[in-house]
Amino acid sequence: MEEFPVTQFKTVLFGALAAGMTAGMASAQTEINWWHAMGGTNGERVDKIAADFNASQSEYKIVPSYKGNYTETMTAAVAAFRAKEHPHLVQVFEVGTATMMAAKGAIYPVEKMMADAGEPFDKGDYLPAVISYYQTPEGELLSMPFNSSTPVLWYNADALKAAGVDAPKTWDDVKSVSQALVDNGMDCGISFGWQSWVMLENYSSWHDKEMGTKENGFAGFDTEFTFNKNDKLAARLDDVAAMSEGNLFKYGGRRGDSLPMFTNGECGMWMNSSAYYGSIKSQAEFEFGQTMLPLDTAAADAPQNSIIGGATLWALAGHESEEYKGLAKFMTYLSSPEVQAWWHQETGYVPITTAAWELSKDQGFYDSNPGTDTAIKQLSLNTPTANSRGIRFGNFVQVRDVINEEMEALWAGDKSAQEALDAAAERGNALLRKFERSAK
């Protein structure tokens, strides 16, 4: 039998040891799972943020996973937590805040996580209008802001110029500009999406009116809706419904369904999230702009501030401390001026820190893209009041569906605005009581 050469044995042995060491080094990298709701181009941007963080150090690896829309992602995370197969980090939209807070033992408040991990964290670095939405009454930050936006009024600059009108500043202007656009040959004047967020939630905050008791739910889950008692809101919605005659207004569906009505040139104005900047820029074949939400001069003499939409990142409890150290470092990376400025400029979401806003200014982004700071100006217009800090209602995902249904009855001519608002408040209050019982 031929002997196995010693030199060959050493080569094989050392090769095996080296392979084992390499595998050991690879397995030593701590994986952190991030479930998110960013599809399409924004999903690719999320992947880039994770990949760039992973390339910046060798101890931790962020693994992003798309789990569907906001509702589907939150539902999946809740189910996974019950099965003890949950991620470290999950993206939840703003109206899921109360639900996450009520999930006892499921969340790891991000401010506490940063402190426990020994990661430097200063709330003063963040835009007050952004973080105030996600703080406890005592001021503790529960989740990390990520993709925050606010509704703005988008307009077709070419169409307005052709019609000889300027971008509107008041609701009276919206009506007259819509008429001018239609008279000049456009199919419709204005449309909007995410109608509960735009026409109830932000209308209320913009005019410093409450949506519900208990500081819009911030001071307790035993809150009740009061938006149906706002006669100015009812009058405004009735007027918008009346604008359907002559196509001054066209309803185009929920969420962002009506975006094509604006980008294809059908409607000259559109009210929806600032975060549609990337989509409008890639789809519109005309000069466009954005301006602040219109003021209802019958409801207020001046605007207060708008409130945010979008989502934050929630740390889920039940993982190892070393994994949270990596997650904390990722939160620091995600909040860095460079990452936030890039995310803001690519998407239209607002930067979550003052430093990222300043960096975008220094880079000349707002000079070369006029109007892209509109969302930040709206959010920072005044110090938020109890009416304009935001909303924190339980079961609000379902409540928004109720509001959608009632508003669609208004647009269809089946109900007056007051009837629709009364029905939405009654049905919504039933959902609040259901949530309150489950949260005890």
Side-chain angles (χ1 to χ4, degrees), residues 150-195 198-199 202-203 206-207 232-233 235-253 256-277 279-306 348 366-378 381 411 417:
T150 200
V152 297
L153 191 149
W154 296 95
Y155 60 89
N156 182 327
D158 292 344
L160 264 64
K161 183 178 180 180
V165 290
D166 295 324
K169 294 182 179 179
T170 68
W171 271 102
D172 288 343
D173 294 342
V174 169
K175 198 169 184 178
S176 62
V177 170
S178 294
Q179 187 67 64
L181 289 168
V182 171
D183 289 346
N184 200 48
M186 293 208 83
D187 290 333
C188 97
I190 190 169
S191 187
F192 46 68
W194 285 100
Q195 57 187 346
V198 174
M199 294 303 298
N202 268 282
Y203 177 93
W206 196 235
H207 299 93
K232 305 304 183 193
L233 170 61
R236 178 52 50 208
L237 294 178
D238 273 332
D239 195 55
V240 171
M243 287 171 61
S244 297
E245 187 175 344
N247 288 339
L248 300 190
F249 161 72
K250 270 189 182 180
Y251 177 61
D257 295 351
S258 53
L259 173 63
M261 294 170 63
F262 178 66
T263 55
N264 67 16
E266 181 180 350
C267 296
M269 295 181 290
W270 190 58
M271 288 170 59
N272 212 332
S273 173
S274 59
Y276 284 100
Y277 172 73
S279 297
I280 295 172
K281 187 175 181 179
S282 64
Q283 295 174 26
E285 296 182 357
F286 51 80
E287 290 294 320
F288 64 87
Q290 54 180 302
T291 190
M292 289 192 182
L293 296 172
L295 178 70
D296 188 338
T297 53
D301 294 330
Q304 168 57 38
N305 64 274
S306 62
Y366 305 125
D367 293 332
S368 55
N369 299 275
T372 47
D373 57 351
T374 300
I376 307 168
K377 289 179 178 178
Q378 278 190 175
L381 195 59
W411 310 139

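Counting from 1, the numbers follow the sequence of the chain as shown. Here the structure is a predicted model, which means the values were calculated and not measured.
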[X] side chain to [Y] main-chain N or O, any donor-acceptor pair under 3.5 Å?
| X | Y | value |
| --- | --- | --- |
| T263 | I280 | no |
| T150 | A375 | no |
| S258 | G253 | no |
| N264 | P260 | yes |
| N369 | T372 | no |
| W194 | S273 | no |
| Q378 | P151 | yes |

For salt bridge (Lys or Arg N to Asp or Glu O under 4.0 Å), just list the numbers for D172 and K175, CA-CA rounded to whole Å, side-chain angles, deciding distance to a tenth of an Å, and then say yes or no.
-> CA-CA 5 Å; D172 288 343; K175 198 169 184 178; over 6 Å; no
D173 and S176: side-chain donor and acceptor closer than 3.5 Å?
->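 No, because no side-chain N or O of D173 sits under 3.5 Å from a partner of the opposite role on S176.
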What pair of heavy atoms forms the shortest contact from A300 to H207, and how long is it?
-> CB-CD2, 3.9 Å
Output, in order, the C-alpha distance, side-chain angles, deciding distance and verdict of side-chain contact (heavy atoms from CB on, under 4.5 Å) for T374 and M292.
-> CA-CA 6 Å; T374 300; M292 289 192 182; 4.0 Å; yes
If I take atom [atom1] from residue [X] and atom [atom2] from residue [Y], how far apart are they, to the nearest 0.5 angstrom?
| X | Y | atom1 | atom2 | value |
| --- | --- | --- | --- | --- |
| K169 | L295 | NZ | CG | 11.5 Å |
| Q179 | L248 | CD | CG | 4.5 Å |
| K250 | S191 | NZ | OG | 9.0 Å |
| Q290 | S274 | CD | OG | 6.5 Å |
| N202 | N305 | CG | CG | 9.0 Å |
| N156 | M186 | CG | CE | 5.0 Å |

Step by step, would you call S244 with W411 a side-chain hydrogen bond (donor to acceptor under 3.5 Å, both in side chains)?
-> CA-CA 8 Å; S244 297; W411 310 139; over 6 Å; no
For D183, does the CG atom sit with more than 12 other heavy atoms under 6.0 Å from it, leaving out its own atoms?
-> yes
CD/E287: more than 12 non-hydrogen atoms of other groups inside 6.0 Å | no
Full working for side-chain contact (heavy atoms from CB on, under 4.5 Å) between V165 and N184 = CA-CA 11 Å; V165 290; N184 200 48; over 6 Å; no
Output yes when D296 and K232 qualify as a salt bridge under the 4.0 Å nitrogen-oxygen rule, no when they do not.
-> no
Could you tell me whether D158 and K161 have a side-chain N and a carboxylate O separated by less than 4.0 Å?
-> no
Look at the rings of W154 and Y277 and say which category their plane angle falls in: under 30° parallel, 30 to 60° tilted, over 60° perpendicular.
->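 Correct class here is parallel.
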Qualifying residue for ring pair (Phe, Tyr, Trp, His ring centres under 6.0 Å) with F192, from Y276, F262, F249 =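 Going through the options one by one, the only one that passes is F249.
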